[in-house]
Structures are given as C-alpha cells and as structure tokens.
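Keep in mind the model is a prediction, meaning the values are calculated, not measured. Hydrogens, waters and symmetry mates play no part in the numbers below; they use all other heavy atoms, side chains included. Both counts, for ligands and for their atoms, begin at 1 and track the order of listing.
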Amino acid sequence: MCGIVAAAARREVSEILLEGLRRLEYRGYDSAGLAVLDDDARLLVHKRLGKVAELEKAQHAQPYYGPTGIAHTRWATHGEPSAANAHPHTSGDRIALVHNGIIENHSVLRQQLEAEGYVFTSATDTEVIVHLLHRAMNGCDDILKAMATVVDQLEGAYALAAIDRENPGQIVGARQGSPLVIGVGIGENFMASDQMALRQVTDRFIYLEEGDMVRITPASIAVFDAQGDAVERETTRIAEAEETVELGDYDHYMLKEIYEQPRALAATFSAAGGHEVADSAFGECAAEIFDRVKAVQIVACGTSFHAGMVARYWLEELAGIPCEVEVASEFRYRKRVQIPGTLLLTISQSGETADTLAALRDAGTDDFVGSLVIANVDNSSLVRESDLVFLTRAGAEIGVASTKAFTTQLVGLLMLTIALGRRNGLPQGREQELVNALHALPDYVQQTLALDTAIKALSEAFIPKHHALFLGRGIHYPVAMEGSLKLKEISYIHAEAYPAGELKHGPLALVDDDMPVVAVAPGDELLEKLKSNLEEVRSRGGELFVFADRQAGFTSEPRVRVLAMPHCPEVAKPIIYTVALQLLSYHVAVQKGTDVDKPRNLAKSVTVE
Ligand code: G6P
C-alpha cells in the first residue's frame, strides 16, 4: 500500500528518498514519485508508473538534487495506476504533496476548486489537498497554518507531507487515520509512513498521534496536537538487531520467512516468558482484565483472521470460553449484541490495517472488558491504542503473503488460551502439556521444513491447473482456508476452502481433472470420511493431495498422493500443516513465474478501507 518518505537536511536527499522507497517496496505499489526543492528553491518532480527502479532511471537520466524532498509509492484507489496519478501532486508550480489514505469528500472539494479555476491533472482524491493548500497559502505565509485550515476541510483518512517553494527547508505533515512517523537525525530530520523506510538514516523515531501536525526542518521538529497546541511526543530508539531485511541466500523473502519460522516461534515464546505463561506477557494490567473475561471477540483481516479462526477452537475447547471471530470490515458495520465481559481481541501483523484499527476505535471500550492486540510491529497504531499487547517476534515480514506472522500469532493465541483457561478450570497437567508443545514447536516445524523437496514434487501437479479445492475439518478448516489463501495470493490459481463435510453439498460438482483437491487430514476422523469421498473424486478425474500424520496409516495410491507429516501434539498441528501448505503455494508460484514477494494487486499493509 502507499508509502511516504520525506527528508529535510543540509545535504542532498534524493538518494535517501529513493532508498526509503526501496525499503517500502514490499508493501505493494504500482507507481512512484519524488519532489525536491533544490538549492535555488526550484520545485523538481519525477513520477513514473511501475517499480521504484523506473523512478531511479528517471533520476539518473535527469538528476534532481536538493536538501528538501518528499517521495511516495502509490497503490491505486482513485484513478488507475499511471504517472499522472502518481504522487507527489503539485499546485501552482510551488507546492508538492504526498498522501496516504482516502479523502471521502474529494468530489465536492474538487467541484469547488474547479469552479475557482484550479485545473486537475489527475483522477486522484489527493489532488484536491494540494490545491486546497495552494489556496490556503493566499495571504498566509506559513505553510503549517495553511495546512491546519486544509485538514479541517478533509473527511477520511490521511497521512500527508508537503513542501513549498516559498517555505524552503521545511516539510509539514499531518496524520489522521493513516500512520506517520518522524525520524530524528543529527542536523537533519525525516518523515515516513513506516519507520522501516528510514532505518538507513536513523534509529530514533517519534510516532505521531491522531490529529497531529508537524513541521520539520534540518534543525527542528515541532509537533502540534489536534487542538493546535504544541506538544512533546516521546522519542523511541529502535535497536538495530530488531530488524534485518536482507534476503541472504534465499531466492525470495517468502521462502526466507517460511524458513525463519522455527526461530520466530521460539523467539515469540521466549520473549513472553519461555517456561510458563505469565499474564504479564500481555501487559501490566492483563491479570485484572483477564479475571473479568467471559467471552472473546476476535477481529482481524486476511491471514490474521485465519489465525483468529484457529484460536476459536482453542479458546472454546481448552479454555471453555465462548469466542466469536469476524473480519474487521464486517464487524465494523454490523449492529452487534455483545456478551457482557467480552474481551476485544484484534490480530494484525502490521498493527496498521485500516479496518482492524477502525473496528477497535468504533468498538470503544464501553462494551468490552478491555482490548488486546496480537501484533508484530511495536509502536504500531493498534499497539498504541489497545489496553493490552502481545508482541510476536516474527521480525520484519517482507513477503506480501504472510507466513511467519501467522504462525507466531498462533503462539500468542495459544498462550492467551492458557492464561484464560487457567481461570476457567484448565487442569494444571493439561497446561503443562500445552507449554511443552510450545517448547517443542520449533522442532516440529523444522521437521516439516525437511519435507520441502517432497512438497515441491507435489506442487508440480498444480502448475497447469486453474482451480484448487482445500478441505479441512474442525481446527484444520481454517488451516485449509489459509492454505487456499496462500495459493490464490501468489500463484493466481483460483482456490477455495471448504469444511470437508461440505464436499458433497456442492463443491463435489466442480471436481474434474482441472480441480486438484488438497485435504488437511492430520489423522482424525476426516481421513475415514475422506476415504469414502475418494471414489467420487477419482471418478470425476480429480486428484487428491492428502497431508496426513505419518502414523495415520494413509498411503498413496492412484490419484491419491499422500504427504506424510511429522507426528506431533494436537495443538502443534495447525502450525505445521500451515507451514507445509505455505511451501506448496511457494513452489507452485515460483514454477509459474509469478512475482512471489509482491503479487499483483495486493499490498502488505492495507492502510485504507
Ligand atoms: C493484507 C496482506 C495480508 C494480511 C492482511 C492483514 O491483505 O496482504 O497478508 O494478512 O493484510 O494484515 P495485518 O497486518 O492486519 O495482519
């Protein structure tokens, strides 16, 4: 999704801006641009459709150098991907602006501005902001004051950064609903939508709050709250070791991240206690909130939603706690009946997903005993706005298709199940078994990764296919959903997941030789039931791919290919079967030649509704 980088320095900044954009590439985008104010306060703009590499080529062909600049990667919402629609947008040849988010009242504003003679050169919602800023500068010589009058007119979500030829050496920013962080340098300062963009220039960050506005110069940072009062926001230092984003020997980030899972799972468990499940792993006042929890409402999107679906089985079966799970975009707009004593649990790798964040905000605190987020990014909006926090230690996840974030979320969710279950009659012995399983998890995942070659061999059958069906039962139904999501995200094969018992209620009609059927069947009753479906699948030319426990006694036969999975405790199964399905999708996508880490049309962090 869109990314912002901005720099106010005493040196040339275009290379800092380009490096920042490269570091944001993983989030997904379709075009890129930069604007600098050079030493003579000329406003110079490059915009290109496609990759940051295209923008670099433009910059090499015609270098634009200057000490102040803003840059952007765009993920189209209003207006097709094109150079004209790429940011920065300009007005009157003096102001340039970049924007993340969506301006909902842009049509009305556009009509007003056009009536006043402003000429629009793009189809974006963003262009209204830059013209409003230009208009506000009439009779006003302070761009920050002008920006304050502009944001008052905007409805929707925005993170903004703007420069003005008449105010050289400074950048103004504002945030509402989309993240914006200040990078604190020595004799230079920066802004970005994600601190990852600035790690090459600083390790000190100021996270802006909702409604904040900011002015940065090389020597100063001035932050103002929604009321316009000057405020001090805390500066956070991020340790170097917390993030490594090098690809190393791997061909793709997705594969690297799949292989990092044993380490990420162990790090997540050990950072949260390691030998036991302490309430404090969820925050200082966790014990007091957990004592009052009677039910859990999980809200999330995408892969994180599937983690929530898995957790529902654990919370109900192991902790005896009623649990509802809903995608955030639905939860937000539904009239709900809340069970008293419900904990609102959001799950999000990025901690910035717009719908999940809005669900937390819309829910308020009145109906809930408190809010807990399971997130992978410290200081993200969900982390800062939730009562309780469980941080996964997956490390930076670059591949758009989420892998290690999902499995580490499951560690947090199992620990939550234990913490709540203990208050609800979970026997001590059972708790110890679960803790032992958490300890052993990295090893089971390692054993699963050792099946990589066998999984790659299975994957070849999927390359010419256009459809695939994933089946699972019980807790393995959401695992099948996650497997099908991975396949469609990165290989563009249409994939659907069904509870296995539903096969005969519709999807069986689709089975033919173009429809491989993947069964997540660790060795439960599903196997027996599946066996009875085999003939129907086979007689329609279908082929079955069964991921089954190696002790389940299931063997390959014509049109049934079995992958023998490690034997492990029940609670480890959703994790290791997901890892196997991640590898399956990865190999299909690589052989199909798709852009595995940056699949078309998708974004890593969806910061608009
Ligand atoms: C996007 C990503 C998915 C991710 C989802 C939720 O769609 O492409 O991989 O699962 O957002 O993101 P979150 O950061 O909230 O987990």
A.B. asks: Within the structure, is a non-hydrogen atom of Leu602 found at a distance of less than 4.0 Å from ligand 1?
C.D. replies: no
A.B. asks: For the residue pair Thr124 / Ser122, report whether a side-chain donor-acceptor contact shorter than 3.5 Å exists.
C.D. replies: yes
A.B. asks: Would Ser459 and Gln591 count as having a side-chain donor-acceptor pair, cut-off 3.5 Å?
C.D. replies: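 Result is yes, a qualifying pair exists.
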A.B. asks: Whether Glu397 and Lys604 form a salt bridge (side-chain N of Lys/Arg under 4.0 Å from carboxylate O of Asp/Glu) is what I want to check.
C.D. replies: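 Salt bridge flag = yes for Glu397 with Lys604.
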A.B. asks: Judged by modelled atom types alone, do Thr392 and Gln409 share a side-chain donor-acceptor pair under 3.5 Å?
C.D. replies: no
A.B. asks: Just to confirm my output: which protein heavy-atom neighbour is closest to atom 12 (O) of ligand 1, and how far is it?
C.D. replies: Thr353 OG1, 3.3 Å
A.B. asks: Give a yes-or-no answer on whether the side chains of His476 and Tyr577 include a donor-acceptor pair shorter than 3.5 Å.
C.D. replies: no
A.B. asks: Please list the nearest protein heavy atom to atom 5 (C) of ligand 1 with its residue and the distance rounded to 0.1 Å.
C.D. replies: Cys301 O, 4.0 Å
A.B. asks: What atoms of ligand 1 come closer than 4.0 angstrom to any heavy atom of Val400?
C.D. replies: 8 (O), 9 (O)
A.B. asks: Taking all non-hydrogen atoms of both residues into account, name the closest pair between Leu420 and Ala319 and its distance.
C.D. replies: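 Smallest interatomic distance, heavy atoms only, reads C-CB, 4.3 Å.
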A.B. asks: What protein heavy atom lies closest to atom 7 (O) of ligand 1? Include the residue and the distance to one decimal.
C.D. replies: Val606 CG2, 3.9 Å
A.B. asks: Hey, which atoms in ligand 1 end up nearer than 4.0 Å to a heavy atom of Ser402?
C.D. replies: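 Heavy-atom distances to Ser402 below 4.0 Å select 9 (O).
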A.B. asks: I need the minimum non-hydrogen distance between Gln261 and Thr407, along with the two atoms involved.
C.D. replies: OE1-OG1, 2.7 Å
A.B. asks: For the residue pair Tyr207 and Arg233, what are the closest heavy atoms and their distance?
C.D. replies: O-CD, 4.3 Å
A.B. asks: Which of the numbered atoms in ligand 1 are below 4.0 angstrom from a heavy atom of Ala603?
C.D. replies: 1 (C), 2 (C), 8 (O)
A.B. asks: Looking at ligand 1, does any of its N/O atoms fall within less than 3.5 Å of an N/O of Gln349?
C.D. replies: yes
A.B. asks: Counting only nitrogen or oxygen atoms and a 3.5 angstrom limit, does Ile347 reach ligand 1?
C.D. replies: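 No, since none of the N or O atoms of Ile347 sits under 3.5 Å from an N or O of ligand 1.
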A.B. asks: Please work out whether any backbone atom (N, CA, C, O) or any side-chain heavy atom from C-beta onward of Lys604 is under 4.0 Å from ligand 1, and answer side chain, backbone, both or neither.
C.D. replies: backbone
A.B. asks: Does only the side chain of Ala300 get under 4.0 Å from ligand 1, or the backbone, or both, or neither? Count heavy atoms.
C.D. replies: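 Answer for Ala300: neither.
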A.B. asks: Distance under 4.0 Å to a non-hydrogen atom of Thr303: what atoms of ligand 1 satisfy this?
C.D. replies: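 In order of number, 10 (O).
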